[in-house]
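Accompanying notes for the structure given below.
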Amino acid sequence: DVKVTQSSRYLVKRTGEKVFLECVQDMDHENMFWYRQDPGLGLRLIYFSYDVKMKEKGDIPEGYSVSREKKERFSLILESASTNQTSMYLCASSLRTISLGTGELFFGEGSRLTVL
Amino acid sequence: GQQVMQIPQYQHVQEGEDFTTYCNSSTTLSNIQWYKQRPGGHPVFLIQLVKSGEVKKQKRLTFQFGEAKKNSSLHITATQTTDVGTYFCAERYNFNKFYFGSGTKLNVKP
């Protein structure tokens with residue numbers, strides 16, 4: 001069974017702390033994503049990676065960075081957490097494809113971050 | 001990013017009633033995907049539509065892609081309590097990036 005695993009389901013951090021959210025997938029997918037989910041705003045793309053060490057900014061990259069040193073692992077980093085980063089963070093992966101035949105997203109269970 | 005607008009934001013129905021959620025874009029969509037997120041869960045892929053005017057069915061769920069490829073809808077016939085959740089549309093953009101609508105949260109009263 002395909003699996004995307006996020007390291008922490010719930011985290012509570014203080015303002016100014018550095019936060020690492022880890023995501024691992026076992027499907028050998030090229031693409032990995034970090035989304036943020038807030039009520040009424042849907043899923044907003046923070047960063048996207050299409051290969052090891054490659055990344056692209058999404059719609060809301062400010063205050064975040066990412067790391068992809070290995071194909072299966074994609075980390076989201078909050079250099080200095082702020083209260084407006086309190087949210088649900090969802091990691092996802094997909095096959096890289098040049099056609100429309102495949103390529104749906106597989107999501108992890110989510111990491112709910114509270115910044116005090 | 002791409003702009004995919006989804007309405008309504010919330011829908012409360014009595015079990016057995018029908019339900020529809022709509023996605024609209026000001027630009028032509030290359031495709032549309034639909035996902036369902038159960039309460040406390042993560043989004044799960046339901047279906048992808050690619051062709052103009054395409055209609056696909058999954059049991060009580062009917063998915064449509066508009067003729068101009070600027071809108072899509074998900075219709076559930078005779079809702080059940082198991083249909084509760086948030087339904088998202090998403091465009092798979094440039095083959096490898098995904099932009100989501102804001103979602104429609106469905107509540108079904110037994």
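Letters A, B, ... mirror the listed sequences (proteins, then strands); counts begin at 1.
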Any chance NZ of K69(B) has more than 12 other-residue heavy atoms, nucleotides or ligands included, within less than 6.0 Å?
-> yes
Measuring heavy-atom distances to chain B, does L90(A) have an atom under 4.5 Å in its side chain, in its backbone, in both, or in neither?
-> side chain
So if you build clusters from Ile, Leu, Val, Met, Phe, Trp, Tyr with side-chain heavy-atom gaps below 4.5 Å, do Y22(B) and F100(B) land together?
-> no
Interatomic spacing from CG in L43(A) to NE2 in H42(B) - rounded to 0.5 Å = 12.0 Å
Identify the heavy atoms of Y35(B) and L105(A) that sit nearest to each other, and give their distance.
-> OH-N, 2.9 Å
Between L45(A) and chain B, which part of the residue has a heavy atom less than 4.5 Å away: side chain, backbone, both or neither?
-> side chain
Answer with yes or no whether the hydrophobic clustering places W34(A) together with V24(A); edges join I, L, V, M, F, W, Y residues whose side-chain heavy atoms lie under 4.5 Å apart.
-> no
Locate the shortest heavy-atom distance separating Q37(B) from Q37(A); write the atom from each residue and the value.
-> OE1-NE2, 2.7 Å
F33(A): ring-ring contact (aromatic ring centres under 6.0 Å, His included) partners, not counting sequence neighbours = F48(A), F98(B)
Counting only heavy atoms not in R9(A), do more than 12 fall under 6.0 Å of its CZ?
-> yes
Euclidean distance, E104(A) CD relative to Q48(B) CD, rounded to 0.5 Å | 8.0 Å
Common cluster, Y99(B)/M32(A), ILVMFWY with side-chain heavy-atom separation under 4.5 Å = no
Name the option with the most non-hydrogen atom pairs under 4.5 Å to chain B; the candidates are G110(A), G40(A), P39(A), A92(A).
-> G40(A)
